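Taking it in order: structure first as structure tokens, then the write-up.
Order of the sequence lines sets the chain letters (A, B, ...), proteins ahead of strands, with each chain counted from 1. Everything numeric here is computed off the predicted structure, so don't read it as measured data.
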Amino acid sequence: DQQVKQNSPSLSVQEGRISILNCDYTNSMFDYFLWYKKYPAEGPTFLISISSIKDKNEDGRFTVFLNKSAKHLSLHIVPSQPGDSAVYFCAASGAGSYQLTFGKGTKLSVIP
Amino acid sequence: KAGVTQTPRYLIKTRGQQVTLSCSPISGHRSVSWYQQTPGQGLQFLFEYFSETQRNKGNFPGRFSGRQFSNSRSEMNVSTLELGDSALYLCASSLAGGPNEKLFFGSGTQLSVL
């Protein structure tokens, strides 16, 4: 049973436009959420996170929104750049947990 | 500060063999986690170590094992390799592995089982 779901395997966006990547979770014990970006042949790199006590966190071009009632979070990238083309993973952890639970990833392609 | 180092980067084995992968965490990090990534799948949690103790284990068969040394370096071992074990194995470290900590990943070891 997948506890973290990224229902869009891929997304294509024009350079300069907004990219919106979505993530849903089922485990109500999750209280910390992260986004990682992964290029081919490299390990994932941390992008941005949000605690369940917040509903928005912003870092430069990246903003994560959390809707706890809907168990949904989204990552907004504005403006999108070709270098943003990568696979984006949503991850979650719960109180006292020593592991992250990842979604299957969304491949973002930013077209110049 | 050096990042998480995994060796080797690539490995080719045949079915039935065993393999050992190595991970050196970021200096000062005491928690090391291992994840498996296969095509079309997310990262599947294998296990997590802190101060040489396994604190959590994912849903993998007993053929997958690991350990952590006193210097926080970690190894994972897969015995009796199967074709389905072909994957990218990622190691990640963090200060203490607690909640609300982000993980820093290595570049991974790409294992191919023939």
Review point. Chain B heavy atoms under 4.5 Å from A:A41: which part of the residue, side chain, backbone, both or neither?
Key: both
Check your understanding: Say you draw a straight line from CD of A:Q99 to CG of B:L43; how long is it, rounded to the nearest 0.5 Å?
Key -> 12.0 Å
Check your understanding: How far does CZ of A:F102 sit from CG of B:L103, to the nearest 0.5 angstrom?
Key -> 6.0 Å
Check your understanding: In terms of heavy-atom contacts, does CG of B:N59 have more than 12 from other residues, nucleotides or ligands at under 6.0 Å?
Key -> no
Check your understanding: Can you pull out the residues in residues 42-58 of chain A with any heavy atom less than 4.5 Å from chain B?
Key -> A:E42, A:G43, A:P44, A:F46
Review point. Do B:Y89 and B:I26 share a hydrophobic cluster (ILVMFWY, side-chain heavy atoms under 4.5 Å, transitive)?
Key: no
Review point. Relative to chain B, which segment of A:Y36 carries a heavy atom at a distance below 4.5 Å: side chain, backbone, both, or neither?
Key: side chain
Study note, to complete from the structure: Interatomic distance, CZ@B:F105 vs CZ@A:F89, rounded to 0.5 Å, equals 9.5 Å
Point to revise | Heavy-atom proximity to chain A below 4.5 Å, by part of B:F50 | key: neither
Check your understanding: Is it true that atom CZ of B:R63 has more than 12 heavy atoms of other residues, nucleotides or ligands lying nearer than 6.0 Å?
Key -> yes
Point to revise | Neighbour count >12 (heavy atoms, 6.0 Å) for atom NZ, A:K5 | key: no
**Study point:** Smallest separation among heavy atoms of A:L34 and B:E101, with atom names
**Key:** CD2-O, 4.5 Å
Practice item. May I ask whether B:V113 and B:L21 are part of the same hydrophobic cluster, defined by side-chain heavy atoms of I, L, V, M, F, W, Y residues being less than 4.5 angstrom apart, directly or through others? Key: yes
Practice item. Verify the cluster assignment for B:L90 and A:V4: are they in a single hydrophobic cluster under the rule of side-chain heavy atoms below 4.5 Å apart? Key: no
Check your understanding: Considering only heavy atoms, which portion of A:L100 lies under 4.5 Å from any heavy atom of chain B: side chain, backbone, both, or neither?
Key -> both
Exercise for review: Find out if a path of hydrophobic residues (ILVMFWY) with successive side-chain heavy-atom gaps under 4.5 Å connects A:I77 to A:L66.
Suggested key: yes
Exercise for review: Find out if a path of hydrophobic residues (ILVMFWY) with successive side-chain heavy-atom gaps under 4.5 Å connects B:M76 to B:L81.
Suggested key: yes
Check your understanding: Looking at B:Q110, B:R55, B:E48, which one has more heavy-atom pairs under 4.5 Å with chain A than the rest?
Key -> B:R55
Check your understanding: Is the count of non-hydrogen atoms from other residues, nucleotides or ligands lying under 6.0 Å from B:R9 atom CZ greater than 12?
Key -> yes
Review point. Hey, is CD1 on A:I18 packed in by over 12 heavy atoms from elsewhere, all under 6.0 Å?
Key: yes
Review point. So do the side chains of A:K38 and B:L88 get within less than 4.5 Å of each other, counting heavy atoms only?
Key: yes
